[in-house]
Structures are given as structure tokens and as C-alpha cells.
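Beneath this line is the structure, given in C-alpha cells, with notes to follow.
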Amino acid sequence: MLIITYFLIFVLLISLMIILVPYFKAFLRENKQLKPGIGREEFSAEFFPDKPKKETPIDYNWKAHLNKELDFGELPQTYGDNRLVLMVKNSHNLYAYWDTTTRWDRGTPVLRVYELNPSGEEKDISFLFDIDLEKNADNWFFPVPKDNWMYYVELGRREPDGKFIPLLRSNPVTTPRASLSPAIDENWIPCDLYGRLNNISYGLSSGYMHKERERTDH
Amino acid sequence: MPKGYLAIVLHAHLPYVKHTEHEHFLEERWFYEAVTDCYIPLIDMMDRLTEDRVPFRFTMSLTPPLLTMLGDFLMQERWLKHINHLIDLAEKEVVRLKNQPSFLPLALMYRKKFQEARHIFQDRYQNNLINGFKKHMEAGNLEIITSGATHAYFPLAEKSRKSVYAQVATAVDTHYRYLGRYPQGIWLPECGYFPGDDRILRNFGLKYFFVDTHGLLYASRRPKYACFAPIYCPSGVAAFARDPESSKQVWSMTEGYPGDYNYREYYRDIGYDLDFGYIWPYIHPEGIRVNTGIKYYRITGKTDKKEVYCPDKAAAKAYEHALNFKFNREKQIEYLSQVMDRTPLIVSPYDAELFGHWWFEGPQFLENLFRSIAAGPHIIELITPLDYLAAYPVNQRAEPCMSSWGDQGYHDVWLDQSNAWVYPHLHKAVERMSELAARFPEPCPNTRRVLNQAARELLLAQSSDWAFIMKTGSMVSYAVRRTKNHLHNFNILYEQIMHNNIDLEELYKLECQHDIFPNINYRVFQ
């Protein structure tokens, strides 16, 4: 009789453990992955801790088994092309990236920046400045002087004697305006509206909200 | 005759986050939350206004990934599962808080809200919310426009503009398939305008798009009416600019309405606040705490000590703010109509997900606004951009300025140290895709399948959301992996076609996994 009782108690304990295992597992994992436990005293008068947790971006561990499926391959370092692409970031900043089979054994890799007059009859081109690059660089952000103006770049090598040898030329780009156009349509003479629009605030969109959220940090 | 027009534009978009691998992707919750918090309340609002015979009129963009997910059987099933789970949690909360008179009404409110959401979704619209939007579109109250096929950021597309063409072509086609009409207007993703892209829009019968204020003010010729009337691009497509005043009142969390201390605090969710032992069945199965949608506190102030949310006070504020918004627009219109020789137009665009999700009381605000405008005095009339173009078909011609509505007004958000690495790969992939399209004008059925899947992978990689997430810094690894994954798949498919070495099993897997745009035609990249 006693043996049966012991056996039953044993079975009960085992089943209790089996039932509680997922709970404990989750519990242990929580302590590993998350900030320290909070609000443990669930049924106390204080339902929630006074201090809210700082908003932390949820960036979960991709090694976790649920996410194994979203495997991805690395992308090629190079496509074996010879190309130089120029892009606009804003009215006064550009971005260039390149893919080249050239090896920079000797000399310095240089990005040479040119400007073009977009409205000139004959597009007059003039050299602006050189940027000395790191040998392993394959992209560069750099400022330019004018908005509403055209630019292009050349990637090349500066020889030890100072001579520049161009290797690739980019597409031209036009920086966007950063102010009102002086051009007035004679049939559409501007109304007296611009005084009220002096201070344009840029970027009122989801990114703005994001920034504000971070700043206020309720 | 009203003294001025108001065009409210809500841009509804989510990246394509359907995962067939399993149902526990945290990112899929973006969809569930937006459906519960935003799309259902907005449809419900339109239903109520219609029932009460309150006239209203506004514009919404429903992007192709959002339409696809709303119309997807698996996503519908998953949302139902999600809401049933939430209702279950709300029931438990009602029991848990039965002796807490300040919290209990809130638990009851959430239970009712979730039950109603399920009812609207299941019984009123047969699990497909597109039916809800469509109903109001057909009734003439809602103008639905499209956006980029996967919300690619157009200004940073390659020089050939082939991907812009493919994005617009696929978007217009998807729009037609889900809504039975071709869109007349487009929401350029992130208001990103690149001079000349308007020609592509015209090819697809699109009559208008939106730019940020400076996109119009800094046009090639100074616009006569500043941002209070559209201009025609050289192609003849109209560009409407947003009004800065009304934007700030709603967008700004600090200066604008949504930051009012009586409104609900977004960041105090029971998914984070409650004891783990209690909440764990309702958060991520791997023990990651997430927002459940149940939040009991109000913003209170710049303090950590939050007070309990009071729905009645918040509702009164939403009413007050709607009247204030209307009052300010009337004042603005009074002023504008004095200096303009035509009826001024105020364009107020917002992210749809702001309403109900971030700003819990947003849908109430909007409903109050529509009701109060309908009640008069009729100084303002609600219209859509198309209505305006019908009233004023002659407009100034100029080229808008390259711009976006992102931080700093140009491309800074989508092109910086964190995300610039995507563009060489994206540009190369477009070049490869157009090479394939030119090389295989009449492919055999299997090659066609590979070509179409390659086009899908490329479009998915182009989504501006990934670059945005990389820049803003939450869920970065997901965005990086999605970009790499789609580009990697694209490159594999490209190699397979080029070497005539098609792996049908792998292809089938990809077709099931990334199943957006079932009717895509890869030749849009030609």
C-alpha cells in the first residue's frame, strides 16, 4: 500500500515537472535575453512598477530556432565591373561608389570632383577638388559647394610625380535647390504668400516622430 | 461656395512581412497591430459616417504590399488567431482587475474593442478589409491611390529609371486587381520625387502625386500660389504640396495634438509591464516581450510616473483638437483667400498608421473633424486632388524640386553610412534584370517562372523600408537580412538562367515563400 502511495506521489511529481518545464524554460530564457524581471508582485496594490522601462529596440537573437529559416547568402564584394556611380544625398552632399578591377599597387587612388554649369549654353566644366581615398575604399560621401548645380567625378590614380591618371568617369548629377527659384513666370506672378512660409521645417514624417520619441523618452 | 478646400491624405503602407516559414516573426505583428489599431477603426469610422449620412471625402494610398497582405488568406487567418488570442488576454485582464476600479473599465474597453474588431473583420467584411475600403471608394467618399510596388525610394534608383518604371507598372496592375479600378494618383514613396519621373507616371495614366512643401516651393519657376495649389510638371502630371501648418499640428508628438497628456501612452504596454509568469503565453513564444496592444496609462507628462488613462477625457480632447484643427484651417483659409485669386487648397497628408496605432485617439479626431466640417459653417470643403483638378484644370507649369518628406527634406534618411551599401547591389540587380528581360522575350514556361521570381525578389529588395530601418536603428538585423536575402535569391536565379541550370525545386520554394505579385510580368524591367 505504502509503495503504491509513494509511486503515485512520484508520478505526480514527474507530471508536475513535465507541465512546468516549458514555463521554466521560458523563464530562464527571459533572464538571459531580456532586461531584469520587472513587476513581479503581480497582485500587490501597485500593479505596475513606477519606472517604465526605457524603450529598447527589439532585436532578437537570430540564432534562435524559429528564425533559422530566414537564412541569407552574403552578397558579392565585387561584380567584376568597372563602374563609378555618383548619387545625390542632399543639396550639398554627394555619394560616389565604384566597382573596379584596378589594383592600387602604386600611386594614390583619387576622386576628382568637377562642376558643370547646368544652364550654360556650352557646358563649361571646371575642376573643383581632389579627394585622396583609402586604398580599400569603394565608396565616399563628400560635400559640394552649390545647390542646383551639376557635378561629376573621376576616379583615378595620382602618380608619385603628382600626375593624375583618370580611370573611370561617373554620371553627372544635379543637386536639388535649397531655396526659391529666382525664375518668375510672367503669367503667374507669385501671390504675397511667401512671408508666412519663411521657416520650412523638413522631415515631418515617420522618421521625425521616431526622433522626437527618442528625444522625449517618456 | 466654400472659401477653401481641404484634402486629407492618409498613406497606408506596410512592407511585405508575410512569412510562410512560421507564424512567429515579430515583424508580422506590424500587420496585426495595424489592422486592429488603424485599418479597422478607419473603416468603422467611414461606415458610421455613411450610416449617419455625414458627407466626407478624403484620399488614401493603399500600397501594393499592404493590399496583398490584406487580401491574403493566410494573413487573414493569422490575424483572426491573433485577435482571438488578444480577446483571451483581455478576458483574463477583466478577471485580474475586477477589484481595481480604476483599471477595470479599461480592461472592459479593450475587450469590447477587440471583439468589435473581430466582428467587423469577420462578419462585416468576410475577413477581407479591402472590401471595406472598396465600399467607400465606390460610394465616392474615398479616393484610393497607389504607391510604388514595394515602396521603393525612387530618387535613389539607377540612372536608367527602369526600376521606377517596374515599380509603377506593377503597382498600377496590383491596384487594379484588388480594387477593380486603375489608380488616378500615386503616393510617391516617402514623397520622393526625382525630376523626370513624372513622365513614367503619365505613361500609366496617373494624373497627380504629392511632394513635400519645399518640393513645390523650390520648383524650377516660383509657383504663384506657393504650396496652396498644384503645378503641372513638364509631362502634364500635377504635383500637390503638403501644407506645413496642418502637418505640424498632427505630426509633431511634442508640439502637436498626439502629445497631449490626456492621450494614451503608447510605451506602457502590459506586454512589458506585467509579470512574466502571467504574460508569457501572450508574448513571443521565445520569451521576447512585445506590445500586446493593451495599455492602461495616459501620457501624463514628461515624467516616469504615469497616471491611469481616462477614455472620456481623451475623447473630449480628441473632440477639442478636431475643432481646433478646423478653426485653424478656417483662419488659414480666411487669410489665403485674401491674397489668392482662386480658392486655396490645403493638402494635409499623414501616415495612416499614425491614426489609431501611434495616436490611439486619431480615428476619433478624424471622425470629429469630418462631422464638424459637415455641420458647417461651410468655409472649408473636403475634396480630393482630382476634384481640385476638375475645378481648376489650368495650372502653372514648372518642374518640382527633387525632394522627400524625410528628415532634412532630401535623401539623407535613405542614403547614409548605415544603408548606402544597398545601392551598388540594387543598381547591379536592375541592370541584370533588364539584361534578362531583353535576352528572353519569349521564354519557355519554366524560364518565365524563374524570370518572374527574379523580378519579385528584386522588387522586394527595393523596399525603402529596409534602408529606413537600417537608418533609424530598430530591427536592423531584420532589414539587413531581408535585403541580403532577396538580393541573394535574385543573384542565384540570375546565374541559373544565364547558365541554363534551373533548379525547379528551389524555384518552387521561393515562389511559395515570396509570393507577392502572382501576375507579375518580368518584362516591366525591360
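Residue numbering restarts at 1 for every chain, and letters A, B, ... go by the order of the sequence lines.
Distance check, rounded to the nearest 0.5 Å: NZ of B:K159 to OG of A:S170 gives 9.5 Å. Summarising the geometry, atom CG belonging to B:N485 is positioned 10.0 Å from atom CG belonging to A:L75; distances are rounded to the nearest 0.5 Å. Once rounded to the nearest 0.5 Å, the distance linking OG of A:S181 with CG of B:L217 reads 11.5 Å. Atom CG of A:N90 and atom CE of B:M402 lie 9.0 Å apart (nearest 0.5 Å).
Minimum interatomic distance between B:L415 and A:V88 (heavy atoms only, all atoms of both residues): CD2-O, 3.7 Å. Of all heavy-atom pairs spanning B:Y218 and A:A178, the tightest one is CE1-C, 3.5 Å. Taking all atoms of both residues into account, the shortest heavy-atom contact from B:P223 to A:P190 is O-CB, 4.2 Å. Between A:D192 and B:V339, the shortest heavy-atom distance links the atoms O-CG1, 3.9 Å. Closest heavy-atom contact between B:H425 and A:P76: CE1-O, 3.2 Å.
Here the side chains of B:Y193 and A:P176 are not in contact, with every heavy-atom distance at 4.5 Å or above. Counting heavy atoms from C-beta on, the side chains of A:W188 and B:R222 never come closer than 4.5 Å.
Only the side chain of B:F228 comes within less than 4.5 Å of a heavy atom in chain A; its backbone stays farther off. If you measure heavy-atom distances from B:E431 to chain A, the contacts under 4.5 Å come from the side chain alone. Proximity to chain A is limited to the side chain of B:N491, based on heavy atoms less than 4.5 angstrom apart. Heavy atoms closer than 4.5 Å to chain B are found nowhere in A:N148, neither backbone nor side chain. Interface residue A:I189: only backbone heavy atoms are found under 4.5 Å from chain B. At a 4.5 Å heavy-atom cutoff, the contact between B:A219 and chain A is made by backbone atoms alone. Interface residue B:L156: backbone and side-chain heavy atoms are both found under 4.5 Å from chain A. Contact of B:V413 with chain A is not made at all, since no heavy-atom distance falls under 4.5 Å.
The candidate with the highest count of non-hydrogen atom pairs below 4.5 Å against chain A, out of B:K471, B:K428, B:E158, is B:K428. Chain A forms the most heavy-atom pairs under 4.5 Å with one residue out of B:C191, B:P155, B:A226, and that residue is B:A226. Of the residues considered (B:H486, B:E245, B:K224), B:K224 shows the highest number of contacts with chain A, using heavy-atom pairs under 4.5 Å. Between chain A and the options B:Y225, B:W414, B:W421, B:Y335, the largest number of non-hydrogen pairs under 4.5 Å is found for B:Y335. Options B:C401, B:C227, B:P195, B:A398 differ in how many heavy-atom pairs under 4.5 Å they form with chain A, and the most are formed by B:C401. Comparing B:Q338, B:R432, B:E353 by how many heavy-atom pairs each has under 4.5 Å with chain A, the most go to B:R432.
Checking B:H427 against A:Y97 by side-chain atom types alone, a donor-acceptor pair falls below 3.5 Å.
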Requested in this report: Take B:D416 and A:K89 through the salt bridge (Lys or Arg N to Asp or Glu O under 4.0 Å) test and state the conclusion after the steps.
Outcome: CA-CA 8 Å; B:D416 91 331; A:K89 178 172 171 152; 5.3 Å; no

**Report entry** Steps toward side chain to side chain contact (heavy atoms under 4.5 Å, CB included) verdict (B:Y423, A:V85)
**Finding:** CA-CA 10 Å; B:Y423 298 102; A:V85 174; over 6 Å; no

Query - Verdict with reasoning, A:T175 to B:Y410, per side chain to side chain contact (heavy atoms under 4.5 Å, CB included) - result: CA-CA 10 Å; A:T175 50; B:Y410 300 94; over 6 Å; no

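Residues of residues 134-147 of chain A having a heavy atom under 4.5 Å from any heavy atom of chain B, listed by number: A:F141.
Listed by first and then second residue, the salt bridge (Lys or Arg N to Asp or Glu O under 4.0 Å) pairs that reach into residues 174-189 of chain A are A:D185-B:R221, sequence neighbours excluded.
If you look at B:H411 and A:Y95, their ring centroids are not closer than 6.0 Å.
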